[in-house]
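Since the structure comes first, as structure tokens, the remarks are kept for the end.
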Number of protein chains: 2
Amino acid sequence: MPHRRTISSASQQPDSGRPATVDLADGEPGEQDEEACRQVLRILSLIGDKWSILIIGKLRDRTLRFGELHRAVTGVSQRMLTLTLRQLERDGLLTRTVHPSVPPRVDYALTELGGTLLDSVVALGEWAVAHRREIDDNRRRYDATHPPLTRS
Amino acid sequence: MPHRRTISSASQQPDSGRPATVDLADGEPGEQDEEACRQVLRILSLIGDKWSILIIGKLRDRTLRFGELHRAVTGVSQRMLTLTLRQLERDGLLTRTVHPSVPPRVDYALTELGGTLLDSVVALGEWAVAHRREIDDNRRRYDATHPPLTRS
DNA sequence: CTGCATCCCTTTGGATACTG
DNA sequence: CAGTATCCAAAGGGATGCAG
């Protein structure tokens, strides 16, 4: 029987309650760590949105101000940049510093927490880079043999 | 000056062209590895959607048929299960085997590629588990001090 | 310069009904 | 059982205009 790959909370302060062994699959409603699992998924969804990772990546090695970020991230709209930055600030992944000057100047910097997330995401990115050819090949092969997927 | 965290394509066959060093941040339009970067992001978006990870997690250690998956993943609709399974099959992360019996029976199994992705995602999940308390604390603190975020 | 508010179009995804 | 098709509601996100 193959190994079961599980997530166990390694670091941080001792868990004050449940076993704290969460596998990525969710359980039936009512299972003990369903809540923990949902929480993990909610955090993982940070990765899902279009801009968070890009922004964190840009702040990798230096503080940037709003306008610099706006230019750095290429396709992002002002609205989404603001919203995403607020989320990331709320989660404690970056800090927002307002300089009371005129014109106003706001600096964004990655926190320690944000840095560790970036490390983890980079690891996943390595997987993507390592397998992108394989995946593209798979897709081409699939598209060639299986005609239309969700045809308009 | 802190280290620059970068992604470099480690395994696979030698890259047939560019340096193949992709950092997570995208470049200005026209930069060499913009395409590669977009591709990586596209793959990372696998993580973003609600169901892919859950499904892959369920197939971790055994083959499941459609109905089993449907019951296993809890909140997924039949429609989304089908669509997500097709995507994953297209990418080569799982295999779909139709048994010509009556009533029909379709088995889904994780491929080698899918298994390695799961390993990487589990690593990210470990980060989430390790820091979920910290993040929750940050959010509470933020909400307490910064009144309404995007008020209705 | 930074950022909030509004409008509006696009995408996502659930519910439901129907087929091989 | 394992889908496919249709309809529809909610969320995502761009463009623009205004404010501190």
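Naming: A, B, ... by sequence-line order, numbering from 1 per chain. Quantities reported herein were computed from a predicted structural model and do not represent experimental measurements.
Look at Arg86(B) and you'll find a side-chain N or O under 4.0 angstrom from OP1 or OP2 of dT4(D). Note on Arg79(A): every side-chain N or O is 4.0 Å or more away from OP1 and OP2 of dC8(C). Distances shown here put every side-chain N or O of Thr82(A) at or beyond 4.0 Å from the OP1 or OP2 atom of dG3(C).
Here the side chain of Ser77(B) pairs a donor or acceptor atom with the backbone of Met80(B) at under 3.5 angstrom.
With rounding to whole Å, Arg96(B) atom CZ is found 12 Å from dT4(D) atom C1'. Going from atom CG of Leu54(A) over to atom P of dG13(D) covers 12 Å, rounded to whole Å. Here dC1(D) presents its C1' atom at 12 Å from CD of Glu68(B), a figure rounded to the nearest Å. Taking atom CZ of Phe66(B) as the reference point, atom C1' of dA2(D) lies 6 Å away to the nearest angstrom. Atom P of nucleotide dG13(C) and atom CD1 of Ile55(B) are separated by 11 Å, given to the nearest angstrom. In this structure, His99(B) atom NE2 and dG20(C) atom C1' are separated by 18 Å, rounded to whole Å. Atom CE in Met80(B) sits roughly 16 Å away from atom P in dA11(D) (whole-Å rounding). Note: NZ (Lys50(A)) to P (dT11(C)) measures 10 Å, nearest angstrom.
Exactly one residue among Arg139(B), Arg141(B), Arg133(B), Arg140(B) makes a side-chain hydrogen bond (donor to acceptor under 3.5 Å, both in side chains) with Asp137(B). That residue is Arg140(B).
Distances from the side chain of Arg65(B) to the nucleotides dT4(D), dA2(D), dC4(C) place dA2(D) closest. Listed nucleotides: dG3(C), dG20(D), dC1(D). Nearest to the side chain of Pro104(A): dG20(D).
Atom OG of Ser45(B) and atom NZ of Lys50(A) lie 11.0 Å apart (nearest 0.5 Å).
Asp119(A) and Thr116(A) form no side-chain donor-acceptor contact under 3.5 Å, judged by distance and modelled atom types alone.
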